[in-house]
Protein chains: 2
Amino acid sequence: MVQKSKKPPSAAKIAAPVAPKRRGRPRAYEPDVALGKALDLFRRDGFAATSLDDLSAATGMNRPSLYGAFGDKRELYIKSYQRYRDDARAAMVDIFRADAPLRERLERIYRIALDIYLSGESGPRGCFTVMTAASEAVSDPDIRNMVVEGLTELDKAFGICFRHAKERGELPEGADPASLAHLASATIHTIAIRARARVPRRDLEAIVKGAIDVMCRAK
Amino acid sequence: MVQKSKKPPSAAKIAAPVAPKRRGRPRAYEPDVALGKALDLFRRDGFAATSLDDLSAATGMNRPSLYGAFGDKRELYIKSYQRYRDDARAAMVDIFRADAPLRERLERIYRIALDIYLSGESGPRGCFTVMTAASEAVSDPDIRNMVVEGLTELDKAFGICFRHAKERGELPEGADPASLAHLASATIHTIAIRARARVPRRDLEAIVKGAIDVMCRAK
DNA sequence: GGAATTTAATGCGAAATGGTACAAAAAAGT
DNA sequence: ACTTTTTTGTACCATTTCGCATTAAATTCC
């Protein structure tokens with residue numbers, strides 16, 4: 001068995017806490033951890049360069065089981081992306097909602113982002129949204145819509161952040177929350193890209209610090 | 001013949017203006033236009049999803065000729081990337097060197113960038129550097145070095161720009177040229193990503209305008 | 001005209017790919 | 001014990017992939 005028998009590491013919806021007494025042969029895998037492994041692979045190699053054999057090996061499921069559980073490669077990619085987004089959102093939503101000073105909120109968001117982008121046993125994995133946008137997968141309309149959704153959601157979250165800060169007088173009168181939000185997203189994107197290129201964390205933190213300085217003092 | 005018999009559309013090094021009288025059977029292709037076609041394909045589909053058959057069809061060269069001219073797929077990818085960078089640099093270098101006000105220089109740079117990222121018959125092609133960073137090709141050390149080089153070169157060009165503007169008094173005393181340069185690069189990256197996701201040019205221009213406003217008024 | 005040289009064109013081959021058919025296995029229901 | 005249901009595991013298939021070996025074509029040099 002490749003999978004560990006531990007609890008799923010992220011938000012798992014536990015519909016039935018106890019054994020539901022399913023009818024047939026029990027599954028030899030846990031869908032949540034299998035999806036996590038698939039996500040890891042897709043993040044490292046992208047859509048085209050990840051083969052079903054790779055996925056099969058990483059998840060410990062043979063191919064027919066993969067199909068039964070997640071559908072074909074495209075569907076598995078989409079489900080991996082959804083899982084990524086759920087995790088990322090879960091990691092950031094509290095900070096976006098918190099009632100802290102602008103600078104502190106930004107610092108915390110970028111710290112989480114760096115954690116996500118730099119993690120990975122075989123090198124930093126970057127941001128799935130950026131990876132997908134840059135991949136051939138973006139020629140698929142459904143996937144492209146997910147990318148746009150992801151980009152817009154981030155813009156909006158930052159937008160609320162800056163509007164809130166402006167109302168509290170943390171920003172000058174002339175500051176434009178929408179523009180600042182786009183810059184904040186742009187900073188997310190640039191560190192995601194640089195992380196993939198193995199730029200060390202220290203350098204990325206410096207870039208983030210400079211960006212925060214500009215955004216917080218923006219006229 | 002697939003290739004048009006026109007002159008190479010971009011910087012072609014013309015070592016011998018007249019026929020050099022090569023010995024054997026003459027080539028049926030022009031290396032420059034063939035490389036351009038290969039670049040187009042790689043930009044659209046990425047490294048893994050572009051097959052040698054695709055490249056062969058697009059360039060009008062059969063596979064053995066491709067090998068003879070450019071080496072294997074990886075080498076062809078690298079040469080395509082070099083070509084891309086040469087073209088992009090050529091399109092921007094004059095603006096970066098020009099002696100114009102900061103705002104005007106930025107506006108012109110981003111206009112060129114949008115032209116590059118949004119062009120393409122079958123959808124916007126984005127930025128090769130960003131595409132490559134997000135692809136599995138980045139696990140190749142040589143390719144990764146090229147990516148880092150590309151990122152750094154852009155940072156430096158913007159850096160010179162902002163330092164120059166500060167010396168001329170176009171920026172406040174407290175402005176940090178390095179941070180602004182990173183923000184300018186980040187804006188390049190964010191529009192490259194969004195362009196791939198087919199965000200319309202109008203929206204990208206709005207993002208650029210907002211970013212320029214912030215960067216030019218930066219304290 | 002013939003040898004030498006360079007390229008084009010065809011096609012082979014071994015490996016990998018996405019996807020599926022089918023039988024064996026493991027559980028619950030009767 | 002036997003059927004039903006669900007999953008597993010093996011094997012297979014058609015296609016695509018990269019790379020190369022070999023032959024045919026086109027040109028220059030002698």
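So you know, we letter chains A, B, ... as the sequences are listed, proteins then strands, and number each from 1.
Distances shorter than 4.0 Å separate none of the side-chain N or O atoms of A:Arg63 from OP1 or OP2 on C:dG19. Using a 4.0 Å cut-off, no side-chain N or O of B:Ser65 falls inside it from OP1 or OP2 of C:dT7. The side chain of A:Asn62 places no N or O atom within less than 4.0 Å of a non-bridging phosphate oxygen (OP1 or OP2) of D:dT8.
Ring centroids of B:Phe158 and B:Phe96 are separated by less than 6.0 Å, placing the two rings close together. The distance between the ring centers of A:Phe128 and A:Tyr117 does not fall below 6.0 angstrom.
If you check every strand for non-hydrogen atoms under 4.0 Å, B:Thr50 touches sugar and phosphate atoms only.
Inspection of the A:Tyr81 and A:Thr129 side chains reveals an N or O donor paired with an N or O acceptor under 3.5 Å.
No side-chain donor-acceptor contact under 3.5 Å links A:Arg196 to the backbone of A:Gly126. Remark: the backbone N or O of B:Asp142 is not paired with any side-chain donor or acceptor of B:Asn145 at under 3.5 angstrom.
Within a 6.0 Å sphere centred on CZ of A:Arg97, other residues, nucleotides and ligands contribute 12 heavy atoms or fewer.
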Heavy-atom protein contacts under 4.0 Å, nucleotides 21-30 of chain C, coded B base, S sugar-phosphate only, - none: B---BBBBS-

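Atom pair A:Tyr29:OH and D:dT6:P shows a separation of 13 Å (rounding to whole Å applied).
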